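Reviewing the structure listed below.
Scope of the values below: all heavy atoms of this structure, side chains included, with no hydrogens, waters or symmetry mates. Everything quoted here is computed from the prediction, not taken from an experiment. Counting starts at 1 for both ligands and their atoms, following the listed order.
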Amino acid sequence: MQIITSVTEMQTLAHELRSKGQIIGLVPTMGALHEGHLSLIRLAAERADKVVVSIFVNPTQFAPSEDFNKYPRELEADVAKCESAGADYVFAPPADEVYPKGYSTYITEERVAKPLEGVSRPSHFRGVTTVVAKLFNMCRPDLAVFGQKDAQQVAVIQKMVADLNFTVDVVVAPTLREPDGLAMSSRNRYLTATQRTEALSISRALFKAREMVAAGERRSDRLIAEATHILSQQRRVRVIYVSLVDRLTMEPMRELEPGRGLIAIAAWVDEVRLIDNIVL
Ligand code: AMP
């Protein structure tokens, strides 16, 4: 497996691979890789001839108050994990090559990005769409794999790809969870044992909603009330949102249309911000 840090080198490689007819699969990440990320790499390896994993903690998707500086960085361990999961290249460019001095072009998706995460993190998706578009131009993938764990990110990227005529196939991989239900996340390592126990209420609330739907419940107010009730029993958990939305547009659904809906939760567990969702 090869590590590439230069944008020009990445573009040259992508050009060479494409001219040989090789299918390129890209897995964009911010590193601190866990099994969830590795499942994306394995999926990309099944679908593509060559897999590029980008590892880049993207400064433009963090607000000044957020955890950019303390976000975990462990390139060496990540590289070993990428190799074991079947990646062919790790692309880890330095920030000043991605955003050189004087950088001034951004991409904003203006509808799907607005609700949910967009309310509490208004500049977040502008950073995500900008860096993903740039990674597409750098790595020239035929397909790119994203996790359902970040459901709104998936929807925003699918919309960007459609609106801007990118010829990249967006592949969505299911959320990987710990055996007790907690969605895997690089931010879970910030949690103490007590916080982690309380954080479990997030997946519990989602699973409860799924059970209610299986029993025939369709009303969003009832699903949301029950999920909120479960979260509210934890002392350290503060709900940011609990919403039932259309999984493509992120618009609220009053009445669930099974297969189209998504219940999404964001919550603070003390100072750690966690998100999770389940397709209904
Ligand atoms: P991140 O490095 O956290 O930005 O995540 C990189 C990619 O991994 C994104 O497409 C995420 O949605 C995906 N991802 C993160 N956590 C999980 C998980 N638990 N299961 C599946 N995919 C995940």
Among Glu35, Met184, His34, find the one that has a side-chain contact (heavy atoms from CB on, under 4.5 Å) with Glu178. Met184
Proximal protein residues to ligand 1, non-hydrogen atoms under 4.0 angstrom: Pro28, Thr29, Met30, His34, Gly36, His37, Leu40, Tyr71, Phe146, Gly147, Lys149, Asp150, Gln153, Pro174, Thr175, Leu176, Met184
Check the surroundings of atom CZ in Arg47: do more than 12 heavy atoms from other residues, nucleotides or ligands lie under 6.0 Å from it? no
Residues at least two apart in sequence or cross-chain that pass side-chain hydrogen bond (donor to acceptor under 3.5 Å, both in side chains) with Gln11, listed by chain then number, are none
Taking the inter-plane angle between the rings of Phe136 and Phe146 on a 0 to 90° scale, is it parallel (under 30°), tilted (30 to 60°) or perpendicular (over 60°)? perpendicular
Any side-chain donor paired with an acceptor under 3.5 Å for Thr60 and Tyr99? yes
Between the side chains of Glu66 and Tyr71, is a donor N or O closer than 3.5 angstrom to an acceptor N or O? no
